Amino acid sequence: MNISMNPNSELEQSIVSVPDVVQVPDILVSQARQFQQVMMMYTCAIREVKTKLEVLNDELSVRNQRNPIEMIKSRVKKPMSIVEKLQRRGLPISLESMVDHLDDVAGIRVICSFVDDIYEVADMLVRQDDITVVAIKDYIKNPKPNGYRSYHMIVEIPVFFSDCKKPMRVEVQIRTIAMDFWASLDHQLKYKKEVVNEKEISEELRQCAEVIAQTDQKMYEIRQQIESQGVQVRRSS
C-alpha cells in the first residue's frame, strides 16, 4: 500500500500511553501512516452507511407517520482497543491483521423506538443492492447469558475514493432505547476494577434485562392498540 500522509498519526501519538502489559511491535509504529489512511477509509464507510440509515428513517417517517430511528451513533475503534483485541485473539499486531480479522473497526449503533422497528430497518438496509451481509447475530431472539440484547450485522459497502473503489466492512448494532440503556450500564460496571458481590450483581442485571425485554414487548403492544384505534377512527369517518 503506497500512501503518503502526515507523520503525526493517532496511532503514533497513542503509543506512549500503552500500558506495560501491551507490547506494541515496531512494525505497527512504522505502519502509522498507512494506519491513518485506513482509519480515514473506515470513517468514510461509516458515513456511507449512516446516510443510508438516515434516508430510510426519513422514508419511514412519511410512510408510518413516525420516526422508527431515535438516534444513530458511530465510532472508529481506537488504536489501543485494536491492539488489545488482536492480542486477545492471539493474532499478529499489524495493519494487515486488523483489516483481515477485525470486522468491527467501524461501528454504528442505531437506537430504535420498538423491537419491530429493529427488524424493519435491518431488512430495508440489507435489501439495498450495494450492501453485502457478511454476518448476522440476533441477540434479541437469542440473548447472551448475561441478558444482553441487540441485533448485530456485519455489512460490506463499496466506498469510492479518488483513485479506487474499496469494499469496507462496518458493524451495525440495532437496539431499542431500553436495550441501549441496559447495555450502557452493564458496560460501565464491567470496567470497574473491583466489584463486590460480582455474581449477585450480575444476576440482578440479568433480571433487569428480562424486565426491560418485557417492557419493550408491552410498549409494542400498546402502540399496536393505539394504531388500530386510529385505523378504526379513519374508517368510521
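Position 1 is the first residue of the sequence; numbering continues from there. Any value given below was found using the heavy atoms of this structure, including those in side chains, with hydrogens, waters and symmetry copies removed. A quick note: this is a predicted structure, and the numbers were derived from the prediction, not measured.
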Above 12 or not: heavy atoms from other molecules or residues under 6.0 Å from [atom1] of [X]?
X: Met219; atom1: CE; result: no
X: Phe161; atom1: CZ; result: yes
X: Lys144; atom1: NZ; result: yes

Measure the [atom1]-[atom2] distance between [X] and [Y] for me, rounded to the nearest 0.5 Å.
X: Lys77; Y: Met98; atom1: NZ; atom2: CE; answer: 11.5 Å
X: Lys166; Y: Ile157; atom1: NZ; atom2: CD1; answer: 15.0 Å
X: Asp180; Y: Ile212; atom1: CG; atom2: CD1; answer: 10.0 Å
X: Asn57; Y: Asp117; atom1: CG; atom2: CG; answer: 9.0 Å
X: Met41; Y: Ile46; atom1: CE; atom2: CD1; answer: 14.5 Å
X: Asp186; Y: Cys208; atom1: CG; atom2: SG; answer: 10.5 Å

Side-chain heavy atoms under 4.5 angstrom apart, residues restricted to Ile, Leu, Val, Met, Phe, Trp, Tyr: same cluster for [X] and [Y]?
X: Val172; Y: Ile154; value: no
X: Ile111; Y: Leu125; value: no
X: Ile131; Y: Leu60; value: yes
X: Val83; Y: Leu91; value: yes
X: Met80; Y: Tyr42; value: yes

Taking every non-hydrogen atom, the tightest pair across [X] and [Y]:
X: Val121; Y: Leu53; answer: CG1-CD2, 3.8 Å
X: Leu95; Y: Phe35; answer: CD1-CA, 3.9 Å
X: Leu86; Y: Pro92; answer: CD1-O, 3.7 Å
X: Pro68; Y: Ser61; answer: CD-N, 4.5 Å
X: Glu156; Y: Val134; answer: CB-CG2, 4.1 Å
X: Gly147; Y: Arg206; answer: N-CG, 4.2 Å

Can you tell whether the side chains of [X] and [Y] come within less than 4.0 Å, N to carboxylate O?
X: Lys52; Y: Asp130; answer: yes
X: Glu204; Y: Lys199; answer: no
X: Glu84; Y: Lys78; answer: no
X: Asp216; Y: Arg149; answer: no
X: Arg63; Y: Glu59; answer: yes

Check your understanding: Please walk me through it: do Arg175 and Glu70 pass salt bridge (charged side-chain N to carboxylate O under 4.0 Å, His left out)?
Key -> CA-CA 10 Å; Arg175 58 181 67 157; Glu70 293 287 339; over 6 Å; no
Review point. Are the side chains of Val115 and Gln217 in touch, meaning some heavy atoms are under 4.5 Å apart?
Key: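 Counting from C-beta outward, Val115 and Gln217 never come under 4.5 Å.
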**Study point:** Met124 side chain reached by Arg127 side chain, heavy atoms, under 4.5 Å
**Key:**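 They are in contact (side-chain heavy atoms under 4.5 Å apart), so the answer is yes.
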Review point. Quick one: do the Glu227 and Gln225 side chains pair a donor with an acceptor below 3.5 Å?
Key: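 Their side chains do not contain a donor-acceptor pair, so the 3.5 Å distance test is not met.
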Check your understanding: Step by step, would you call Val155 with Met168 a side-chain contact (heavy atoms from CB on, under 4.5 Å)?
Key -> CA-CA 8 Å; Val155 300; Met168 304 295 299; over 6 Å; no
Review point. Relative to each other, are the rings of Tyr139 and His152 parallel, tilted or perpendicular (30° and 60° limits)?
Key: perpendicular
**Study point:** Steps toward side-chain contact (heavy atoms from CB on, under 4.5 Å) verdict (Gln128, Leu56)
**Key:** CA-CA 11 Å; Gln128 300 193 17; Leu56 290 174; 4.0 Å; yes
**Study point:** Intermediate values then yes/no, side-chain contact (heavy atoms from CB on, under 4.5 Å), Ile118 and Thr176
**Key:** CA-CA 8 Å; Ile118 293 174; Thr176 64; 3.8 Å; yes
Exercise for review: Would you mind telling me which of Val110, Ile72, Val170 makes a side-chain contact (heavy atoms from CB on, under 4.5 Å) with Lys50?
Suggested key: Ile72
For the backbone of [Y] and the side chain of [X], can you confirm whether one donor and one acceptor N or O come within less than 3.5 Å of each other?
X: Ser97; Y: Ile93; value: no
X: Asn67; Y: Ile69; value: no
X: Trp182; Y: Glu210; value: no

Practice item. Test Arg169 against Asp104 for salt bridge (charged side-chain N to carboxylate O under 4.0 Å, His left out), laying out the working first. Key: CA-CA 8 Å; Arg169 292 188 175 185; Asp104 62 343; over 6 Å; no
Check your understanding: Quick one: side chain to side chain contact (heavy atoms under 4.5 Å, CB included) partners of Ile136, sequence neighbours excluded?
Key ->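 Partners of Ile136 under the side chain to side chain contact (heavy atoms under 4.5 Å, CB included) test: Val133, Tyr151, Met153.
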Practice item. Would you please test Arg223 and Arg66 for side-chain contact (heavy atoms from CB on, under 4.5 Å) and show each step? Key: CA-CA 12 Å; Arg223 193 200 83 202; Arg66 65 181 185 83; 2.9 Å; yes
